[in-house]
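By convention here, the first residue in the shown sequence is residue 1. Numbering of ligands and ligand atoms starts at 1, following listing order. Note that this is a predicted model, so its numbers are computed, not measured.
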Amino acid sequence: MSSLLIIGTQWGDEGKGKLTNYYAAHADMIVRFQGGANAGHTVSVNGSPVVFHLLPSGISVPGVKCVIGAGVVIDPHKLVEEIDKVRPLGIAERENLLIDVGAHLTLEYHRAIEAAQERARGAAAIGTTMRGIGPTYADRTAREGVTMGEMAQFDAFARRVRDIAERKNTLLTKAYDAEPVNVDSMLDGLRELAPRLTPHLADTPSIIREAAASHGNVIFEGAQGTLLDLSFGTYPFVTSSNTSAGGLAPGTGVPPSAIDEVVGVAKAYITRVGAGPFPTESDGDAAEQIRRRGHEHGSTTGRPRRCGWLDTVALRYSIAINGIRRLIITKLDVLDECEEIPVCVAYELDGERVEEFPRSAEALARAVPVYETMPGWLSDTSACREAGQLPQKAIEYLRRVEKLSGASVAAVSVGAAAHAIVHFDHVL
Ligand code: IMP
């Protein structure tokens with residue numbers, strides 16, 4: 001029995017979805033605990049790629065219970081769309097998809113307010129996914145949010161939503177000079193969706209604790225990455241939830257002591273979507289090659305991802321924040337054609353060499369990466385399935401990453417296919 005927390009160590013898009021889906025074959029339950037429809041992971045369902053934003057990645061694996069925990073914010077339209085995508089396959093039925101009563105709803109006015117806020121920020125815009133995530137979490141904190149559990153008593157729910165929506169319309173029209181939302185049509189839409197979602201409602205903390213206690217394997221699936229964490233990321237260029245391991249307890253109702261291991265996922269290079277400092281960002285041919293070979297376009301927004309070299313200063317920081325001992329390195333194959341592979345080992349900041357990740361976005365923006373250059377392996381790793389099949393120079397790259405980061409590499413992913421993984425060590 002094992003409870004595993006899978007966490008992104010970079011700015012998201014590390015390939016957590018693929019790994020969660022892979023390990024789901026050995027799991028009894030997959031739990032999401034933060035974020036919302038800003039996340040996007042492409043998984044293979046019966047051989048066809050399907051993008052999920054809200055459904056946990058293991059939803060396509062028969063027999064696995066999927067839980068959307070209290071820390072997730074749910075856009076009900078998007079969730080029903082995803083359930084409809086997988087329903088013909090007989091999955092996401094009432095008994096294998098549970099939604100915690102305490103999860104908050106992202107409604108139309110959240111998206112409208114976010115669009116108005118991003119517009120008002122002008123050049124200082126965060127570059128959000130426009131999925132209403134920030135305003136939903138802001139309402140939750142301000143105790144103006146609406147929970148999934150409330151939806152079960154629809155009339156009382158509708159009265160409360162109407163009351164809040166009218167105040168939001170005042171904000172939209174008076175503060176932002178934006179269009180108000182149509183409250184009646186929003187409520188009509190919600191009335192239609194409610195019977196699709198309320199059968200999945202559950203008081204999930206006890207169900208998760210029971211699964212973890214009864215010799216089952218439970219995977220907690222992080223969304224986004226540590227550098228986007230609300231408290232420890234590159235604020236304000238972050239998302240509005242705790243994407244690091246600390247987000248687990250408030251997002252699930254499961255105590256931190258229930259977790260056996262936090263496994264960190266890092267790409268063999270690094271990407272970022274949206275604005276904010278990114279010391280190792282590269283805009284030359286190498287970055288273009290990575291973008292092309294790695295298909296680095298956002299799965300939620302389609303935006304091209306900013307690409308750069310592996311940053312082990314940031315990686316060490318993420319490892320420390322999350323208590324990671326083992327890493328899974330993804331997309332190693334994307335570097336197959338690189339003659340040389342720079343790895344950032346420190347920064348130069350105000351004329352000094354620093355090895356600690358700066359806590360301020362402003363300082364990080366001034367940090368100049370100090371690189372060590374590794375020779376590329378210039379051979380195709382995508383068919384490798386055993387450590388002995390990897391080129392020696394790729395092994396040397398991974399060993400150097402271990403040395404610089406202080407964590408061991410348990411596995412590497414070498415392609416999009418579900419089984420394109422080389423294990424050094426089994427995490428589940
Ligand atoms: P928000 O989460 O939509 O508020 O966006 C805040 C920041 O997080 C923006 O820079 C987004 O691009 C980034 N972000 C949010 N979700 C993801 C994700 O799943 N992958 C990568 N970046 C993300």
heavy-atom search around atom 3 (O) of ligand 1 in the protein gives T129 OG1, 2.6 Å
Counting C-beta onward and ignoring hydrogens, is there a side-chain heavy-atom pair between I30 and S57 closer than 4.5 Å? no
Mark the output for R305 as yes if a heavy-atom distance to ligand 1 is under 4.0 Å, and as no if none is. no
For W11, the atoms of ligand 1 under 4.0 Å from one of its heavy atoms are 21 (C), 22 (N)
Donor-acceptor pair, T9 side chain versus V265 backbone, under 3.5 Å? yes
Would you please classify the geometry between the H423 ring and the Y23 ring as parallel, tilted or perpendicular, with 30° and 60° separating the classes? perpendicular
of all protein heavy atoms, closest to atom 5 (O) of ligand 1 is T128 CA, 3.4 Å
Test: K267 and D13 ion pair at under 4.0 Å | no
Heavy-atom proximity to atom 6 (C) of ligand 1, picking from V238, D13, T243, T301, points to V238
Just do the salt bridge (charged side-chain N to carboxylate O under 4.0 Å, His left out) check on E108 and R111 with the steps written out, would you?
-> CA-CA 5 Å; E108 203 178 319; R111 287 191 300 274; 5.2 Å; no
| query | How far apart are the C-alpha atoms of E296 and Y269, what are their side-chain angles, what is the distance that settles it, and do they pass the side-chain hydrogen bond (donor to acceptor under 3.5 Å, both in side chains) test? | reply | CA-CA 11 Å; E296 296 295 357; Y269 49 95; 2.5 Å; yes
The option among S240, G127, P135 carrying the non-hydrogen atom nearest to atom 11 (C) of ligand 1 is G127
Ranked by distance from atom 17 (C) of ligand 1, the top protein heavy atom is Q224 CG, 3.5 Å
Checking heavy-atom distances from atom 23 (C) of ligand 1 to each of V273, T234, L228, the winner is L228
Open item on the list: R131 versus ligand 1: do any nitrogen or oxygen atoms come within less than 3.5 Å of each other?
Closed with: no
Ranked by distance from atom 2 (O) of ligand 1, the top protein heavy atom is T239 OG1, 2.6 Å
Practice prompt. Keeping the roles fixed (side chain from H110, backbone from L107), state whether a donor-acceptor pair exists under 3.5 Å.
Written response: yes
Under 4.0 Å between heavy atoms, the region of K16 that gets near ligand 1 turns out to be neither
Problem set entry | Test item, F237 contacting ligand 1 (heavy atom, 4.0 angstrom) | no
The ring-ring contact (aromatic ring centres under 6.0 Å, His included) partners of F424 (sequence neighbours excluded) come to none
